[in-house]
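A, B, ... follow the sequence lines: proteins, then strands. Residue 1 opens every chain. Reckoned from all heavy atoms, side chains included, excluding hydrogens, waters and symmetry mates.
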Amino acid sequence: MESLAPEALDRERHKKNEGLRDLPGNTSEVILRFAPNPNGPLSIGHSRGVAINSLYADKYQAKIVLRFDDTDTKVKPPMVDAYAWIEEEFEWMSGKAADVVIRASERMPIYLQHAEKMLIGGFGYVCKCTAEDFREFRVTKTECPCRDKSVQQNMDDWSKMNSGEIDEGGAVVRVKTGMDLPNPALRDWPALRIQHSPHPIVGDKYKVWPLLDFQSAIEDHLQGVSHIIRGKDLMDSTRKQTILYEHFGWDYPEPLYWGRVKIHEFGGFSTSGMSSSIDSGKFSGWDDPRLPTLRAMRRRGFDPRSLAELWEEVGLTQKDISISMKTLESFNSRIIDGDCERRVFVSNPKSLDINAENIPSTISMARHPDGEIEGFRVWEVGTTVSIQNSDFVEGKLRLKDFADIIISGSSATIESADRSDDRKIVHWIPEKLALEAILSVPDGEDISEVNGVLEDFELIEGELYQLERVGFARFEGIQDGIARLLWLHN
RNA sequence: GCUCCUGUGGUGUAGUACGGUCCAUCAUUCCGGGUUUUCAUCCCGGCGACCCGGGUUCAAAUCCCGGCAGGAGCACCA
């Protein structure tokens, strides 16, 4: 074997391909783009786009264009605050700001000019058929009567569209592709439509707005985008746009696709659905910890690197997948563990009076058990401590880092400072340091609240702590004398 | 209905272009154990998969044919 085909032995078939596979086509100057609709902030699904594009940008020293596809004023109208939010969220995820930021609504004249070129070039036409009628033409592969209008007629109708003379729904501009195409989705697809409702940024300046397939196609070409990474639900967009590019004499970028992603823990969600649930008061805002938004995840304490690692691991496959937050949490806890100081949170506390001749006045506990954070938390012990009700036993227990005790009723006697046997070790808190606290735990559609006491040692608002024997939680501050903790994961 | 995409353990993923070294990789979950004065981190071990049926071949996860299943597009949304 070795003599017959020595090269066969060199193949490392089991070797795991690290990272993302290479980009196809010419990669000498890679320009990528991420194009969300600013009708709300980014969600965990969007983070895949930011992560994958950023990963490729690093690999190829590529530029990323952040483009706001905000040309719909009716169905999914833009949200004014979302533009700035998304720029921040992009930077949070990517580690740096986008190289170019574009708002489609600000570049309307360009799209309208291209629409005119299309009309003049004869590869587009103004169609005044109703949506229903055209649907019928599409299924029967029939050319609609508007299709052979002269350029002059088309230009006349075009100016009536733009002047506002034709009402919404009265006309659209279509790209001539052929009504006999086997794929019905491609047949003379609509490129621009009339919208009389004002746009939140540019007002009522324009009556005619491009649809995604047209606007996106023009802008990708203008920005010199080399590779488009998009959901595979947009495969037909690629095909539609490729025909448009042929009309214009342009080369289409290299398309790559990913499949649908579901997160076990969050059922179906949409930006518009979340928006209405927030408006109705079901959620407190876009950063409500039950929501799969990046704002909520950042608030809870997810490190953006955990998301990047997750998406890199998932890669760029066209499979429809369903992933669990558990996987993300696993990445996250590994990343944050070294940076999180420990604190004690005792839920449903039960107090014990300590009986001993010589109780040490203070003890020191490590800020981090492995010393990744140096220093100690110094506790004044006192004579009353609290342990978790669920840890309570009549008998022997060890108070972690302190002493072996034996409990009888509500009093405890110190048996030994050193560990003397293998009795259960529990976390505890001196009454002097016990700050009343509520731990909010997001649980599906609900948030459950756990009452307890939190170790009041150098608490920093907004800081993430690991609550010993409980898990990670963010300290959100003190309200009405009660500390508020937000659960992350264990 | 038409057009298209995808099927590898519970969940992801590698391997599939060029069939053998694949009784199938790695991660995560789960289970068991170790370290640890946290139920964290870390370490070790274990369970567990090539959608189905034919075909070609000495040999098929990989090639061919046919099914089946899941998803998407056919919006004057993105």
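- OP1 and OP2 of B:G73 both lie 4.0 Å or more from every side-chain N or O belonging to A:R230.
- Nucleotide B:G70 is matched to B:C5 when pairs are restricted to Watson-Crick or G-U wobble geometry with both distances under 3.5 angstrom.
- Under the Watson-Crick or G-U wobble criterion, with both distances below 3.5 Å, B:U62 is left unpaired in every strand shown.
- Within the structure, the salt bridge (Lys or Arg N to Asp or Glu O under 4.0 Å) test picks out the following pairs touching residues 327-337 of chain A (sequence neighbours left out): A:D337-A:R342.
- The residue A:L234 sits close to a base: some heavy atom pair falls under 4.0 Å.
- The shortest non-hydrogen separation linking A:L464 to A:C340 is O-SG, 3.7 Å.
- When both distances must be under 3.5 Å, the Watson-Crick or G-U wobble mate of B:A24 does not exist.
- Summarising the geometry of A:A473 relative to A:L439, their closest heavy-atom pair is CB-CD1, 3.9 Å, with the distance given to 0.1 Å.
- Of all nucleotides listed (B:A78, B:C74, B:A14), B:A14 comes nearest to the side chain of A:R21.
- Nucleic acid contact for A:S237: none, since no nucleic acid atom lies under 4.0 Å from a heavy atom of the residue.
- Residues that satisfy the side chain to side chain donor-acceptor pair (under 3.5 Å) test with A:R419, not counting sequence neighbours, are absent from this structure.
- Within 4.0 Å of A:L212, counting heavy atoms only, lies at least one base atom of the nucleic acid.
- Listed by chain and number, the residues in a ring pair (Phe, Tyr, Trp, His ring centres under 6.0 Å) with A:F402 are A:W428 (sequence neighbours excluded).
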Nucleotide N/O to protein N/O under 3.5 Å, stretch nucleotides 69-71 of chain B:
| residue | atom | partner | partner atom | Å |
| --- | --- | --- | --- | --- |
| B:G71 | O4' | A:D320 | OD2 | 3.3 |
| B:G71 | O2' | A:D320 | OD2 | 3.0 |

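- Looking at residues two or more places apart in sequence or on another chain, you find a ring pair (Phe, Tyr, Trp, His ring centres under 6.0 Å) between A:Y252 and A:Y245.
- For A:T317, a side-chain nitrogen or oxygen approaches OP1 or OP2 of B:U13 to under 4.0 Å.
- Near RNA chain B, defined here as any heavy-atom distance below 4.0 Å, the residues from residues 161-181 of chain A are A:G169, A:V172, listed numerically.
- The minimum heavy-atom distance linking A:M274 with A:S43 is given by the pair CE-CB, 4.5 Å.
- Here A:D401 pairs with nothing under the side chain to side chain donor-acceptor pair (under 3.5 Å) rule; sequence neighbours left out.
- When Watson-Crick and G-U wobble pairs are counted only if both distances are under 3.5 Å, B:A49 pairs with no nucleotide at all.
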Give me, pair by pair, the N or O atoms of the protein and of nucleotides 33-43 of chain B that are less than 3.5 Å apart, along with how far apart they are.
| residue | atom | partner | partner atom | Å |
| --- | --- | --- | --- | --- |
| B:U37 | O2 | A:R398 | NE | 2.9 |
| B:U37 | O2 | A:D401 | N | 2.7 |
| B:U37 | N3 | A:R398 | NE | 2.9 |
| B:U37 | N3 | A:R398 | NH2 | 2.4 |
| B:U37 | O4 | A:R398 | NH2 | 2.6 |
| B:U38 | O2 | A:Q466 | OE1 | 3.1 |
| B:U38 | O2 | A:R469 | N | 2.9 |
| B:U38 | N3 | A:Q466 | OE1 | 2.7 |
| B:U38 | O4 | A:R342 | NH1 | 2.4 |
| B:C39 | N4 | A:R469 | NH1 | 2.8 |
| B:C39 | N4 | A:R469 | NH2 | 3.4 |
| B:A40 | O2' | A:D337 | OD1 | 3.4 |
| B:A40 | O2' | A:Q466 | NE2 | 2.9 |
| B:A40 | N3 | A:R342 | NH1 | 3.3 |

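- Distances shown here put every side-chain N or O of A:K326 at or beyond 4.0 Å from the OP1 or OP2 atom of B:G10.
- Looking at heavy-atom distances under 4.0 Å, A:T71 makes contact with sugar-phosphate atoms alone, never a base.
- For A:E143, the salt bridge (Lys or Arg N to Asp or Glu O under 4.0 Å) partners are A:R147, not counting sequence neighbours.
- For A:H489, the ring pair (Phe, Tyr, Trp, His ring centres under 6.0 Å) criterion is met by A:F302, A:F472, not counting sequence neighbours.
- Remark: A:F34 engages no residue in a ring pair (Phe, Tyr, Trp, His ring centres under 6.0 Å) (not counting sequence neighbours).
- The side chain to side chain donor-acceptor pair (under 3.5 Å) search around A:D404 returns A:R398, A:S420, not counting sequence neighbours.
- A:N183 comes within contact range of at least one nucleobase, with a heavy-atom separation under 4.0 Å.
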